[in-house]
Amino acid sequence: MDATTASGPDQYRAARLAKADKLRAAGIEPFGNRFAPTHSIAAARALCPAQVVEGDQPKGDRVICAGRIGNLRASGAKLVFATLFDRSRAEIFAQQDPAVRDGADAKKARGIQLYLDKAVLGDGWTVVESLDLADWIGVEGRVGRTRRGEPSIFVERVTVLGKALLPPPHQAGADDGVLSPEIRQRQRYLDLMQSDAALHVFITRSRLVSELRSFFTEHGYLEVETPMMQPIPGGASARPFVTRHNALGLDLYLRIAPELYLKRLLVGGLERVFELNRNFRNEGISPRHNPEFTMVEWYEAYADHRVMMDLSEQLFRRLADRVLGRSTLTFGEWTIDLDQPFRRIGYHDALRQFGGIDHADVAAIKAKARELGIPLDAHATHERLVNAVWEAVVEPHLIQPTFITDQPTWLTPLCRTHPDDPSRTLRFELFMARMEVGNAYTELNDPTIQRQRFAEQAVEAAAASDQEVSGIIDEDYCTALDHGLPSCGGQGLGIDRLVMLFTGATTIRDVILFPTMKPGA
RNA sequence: GCGUCCGUAGCUCAGUCGGUAGAGCAGCAGACUUUUAAUCUGUGGGUCCUGGGUUCGAUUCCCAGCGGGCGCACCA
């Protein structure tokens, strides 16, 4: 179809293909090759002279930059202004005052203006005439300021690095960030292209992961990888995904946790291990849950859950310091202070403190459940009802970092119990901003007790018809324990929720590049 | 899985008490040599999510399906 007559959904592609052809006809490749920028756009901006030179064309340092056209403005037939963006827009975004971040002026300042003069560019003007929003180009020129004071590159050479055949959803600097949630998640590249905030979230995520790795490595931990496909899914209570190995004629389960394999490694003598990887749970999707999610789990021989508490506090402070450069997290209305020692409170004590209820007082628990609208018959045992009441009563108070300790044993089959009270475990869950972000045990290393717990769990799972496989006893793991698991502490930390806390994202889908979705229509 | 709201141009959205639709931005053509979401003139662009039903006529009303948001349940 001819570019001037094309209409309908293909008009954009047709017009841009025609421009690509026009470039080829002039001997210019519209899908460029290797290019070597000398400066990021942030660096080029920093080189711009502070003062506007009155009545003279500014002549600053020579730079070569590459990026994407976010805005095009022709001022006459022989002069074009464009705004070029590269990945440093995320860095500039992070440095901007949150109060002004969303303004059009702030958005513009994350790129750099290009001054494209026909008289200067000569043959290169063919490229300028064919430019469209979203094209990738490289430019060479001198930095300076225009008469209006805008930092600019006075371009002498233009190279096309990647012609875009489809238009971006928006012009940069206009209507930023109003893409529908569906487009932002399904076509994440458009979200990243469009939104500096989104780009910043995923860069932050990467830096958090990187700092986590160096933290554990420096503490003498070894990074390992254990099976994602397991014959018996263990280490957590959740429904697994099932998959099929054809050659083995075997159903395998995508792991719900790496725990049982990591502890096998301690049996082998690795002593300190961590794994940062995906888990899969066949459960519902919510603003805090994605079917596949990333978790770091670590185990340390001779330690216990109290050692893990200290390590957690150190870890959070270090991540905040290295990644955010401060010791607080901002999440909605809340400012979470990581400098203060994290609060530590027992599971049953918390219920007393925040609800004024004793967990053993059956009548009081039932009364509270009724008051909160929790259906009594949905919870088979008194303990389960207590837990439902606990979540409703206590969790709203868990905004500042809090270790909840001494969970009841029935909740926690892989954990060692208190020496003086077998109904409570040596465990903690770490909460911040009402989210559970961490979970740690003093691990159970007595194979006899472990076998009993598995058996009890199997009975309970059989009773609850919706539990598919969590009742299977992992005898192979018990054999590993028979060979001797050193006393140890272990902890898991959800990476996605960690990123939420560090970026202020209120839904997990904003911190996962490609969250689980049904195939589009 | 249940409830609820939504699906109209490339994007964000109006609208049609049932008579096949509009805006802004983007696009195309033209004017303009310091613009700032440039401006000005002209102009093209739609399976109104899909499939049934009711109707003379459905984008609109009804039913089902598909996709998304939010809440609940399950879970972390």
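Sequence lines set the chain letters: A, B, ... in the order given, protein chains first and strands last, and positions in each chain run from 1. Quick note: numbers below take in every heavy atom, side chains included, and nothing from hydrogens, waters or symmetry partners.
Centroid-to-centroid, the aromatic rings of A/Y253 and A/F241 stay 6.0 Å apart or farther.
Picking from B/C11, B/U36, B/G67 the nucleotide with the shortest atom distance to the side chain of A/K108 gives B/U36. Closest contact between the side chain of A/L79 and the listed nucleotides B/G10, B/U33, B/A76 involves B/U33. Taking only side-chain atoms of A/S286, from C-beta outward, the nucleotide of B/A73, B/G67, B/U33 with the closest atom is B/A73. Side-chain proximity of A/P169 to B/C70, B/A26, B/C11: nearest is B/C11. Each of B/G71, B/G67, B/U33 was ranked by its minimum atom distance to the side chain of A/S75; first place goes to B/U33. For A/E150, taking side-chain heavy atoms from C-beta onward, the closest of the listed nucleotides B/G44, B/U36, B/A76 is B/U36.
At the heavy-atom level, A/K518 lies under 4.0 Å from the strands shown only through sugar-phosphate atoms. Among the atoms of the strands shown, base atoms are found under 4.0 Å from some heavy atom of A/A74. Here A/R16 lies out of heavy-atom contact (under 4.0 Å) with every strand. Residue A/G284 is classed as a base contact, given a heavy-atom separation below 4.0 Å to a base. Using a 4.0 Å heavy-atom distance criterion, A/S180 is classed as a sugar-phosphate-only contact. No engagement by A/M295 is indicated, since no non-hydrogen atom pair under 4.0 Å with the nucleic acid exists. Looking at heavy-atom distances under 4.0 Å, A/Q113 makes contact with a base. Note on A/P168: nothing from the nucleic acid sits closer than 4.0 angstrom, heavy atoms only. Using a 4.0 Å heavy-atom criterion, one finds that A/I285 contacts the bases of the nucleic acid, with or without backbone contacts as well.
Look at the P atom in both B/U50 and B/C11: the space between them is 15 Å, to the nearest Å. For B/A73 and B/G65, the P atoms lie 25 Å apart once the distance is rounded to whole Å. Across the P atoms, B/G57 and B/G18 are found 16 Å apart, a figure rounded to whole Å. B/G51 and B/A58 have their C1' atoms separated by 14 Å, with the value rounded to a whole Å. Here the separation of B/G27 from B/G68, taken at their P atoms, is 31 Å to the nearest Å. On the P atoms, B/U39 is 48 Å away from B/G1, given to the nearest whole Å. Rounded to a whole angstrom, the distance from the C1' atom of B/U20 to that of B/A31 is 38 Å. Rounded to the nearest Å, the gap between the C1' atom of B/C74 and that of B/C61 is 37 Å.
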Review item, nucleotides 41-43 of chain B N/O atoms under 3.5 Å of protein N/O:
none

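In a base pair of the Watson-Crick type (N1 to N3 plus N6-O4 or O6-N4) or a G-U wobble (N1-O2 and O6-N3), with each distance short of 3.5 Å, B/U4 is matched with B/G69. Searching all strands for a Watson-Crick or G-U wobble partner of B/C28 with both distances below 3.5 Å returns B/G42. Applying the Watson-Crick and G-U wobble criteria (two distances, each under 3.5 Å), B/U60 pairs with nothing in any strand. Partner assigned to B/U12 is B/A23, using Watson-Crick or G-U wobble distances below 3.5 angstrom. When both distances must be under 3.5 Å, the Watson-Crick or G-U wobble mate of B/U33 does not exist.
Annotation: side chain of A/N387 is in contact with side chain of A/W410 (closest heavy-atom distance under 4.5 Å). Looking at A/R427 and A/L411, their side chains come closer than 4.5 Å, going by heavy atoms from C-beta outward.
In this structure, A/R288 does not pair ionically with A/D496, as no charged nitrogen and carboxylate oxygen lie closer than 4.0 Å.
Note that A/R101 lies in the cation-pi zone of A/F93, set by a 6.0 Å cut-off to the ring centre and a 45° limit from the axis.
Between the side chains of A/Y441 and A/E443, no donor-acceptor pair is found at a separation under 3.5 Å. A/S195 and A/R184 share no side-chain donor-acceptor pair at under 3.5 Å.
Between A/H170 atom NE2 and B/C13 atom P there is a gap of 9 Å when expressed in whole angstrom units. Summarising the geometry, the separation between CG on A/L166 and C1' on B/A9 is reported as 15 Å, rounded to the nearest angstrom. Atom P of nucleotide B/U39 and atom CG of A/L72 are separated by 13 Å, given to the nearest angstrom. In this structure, A/R509 places its CZ atom 5 Å from P of B/G69, rounding to the nearest Å.
Ring-plane geometry between A/Y115 and A/F81 is classed as perpendicular, the angle between the planes exceeding 60 degrees on a 0 to 90 degree scale with a lower cut at 30.
No donor-acceptor pair under 3.5 Å is formed between the side chain of A/K263 and the backbone N or O of A/Y299.
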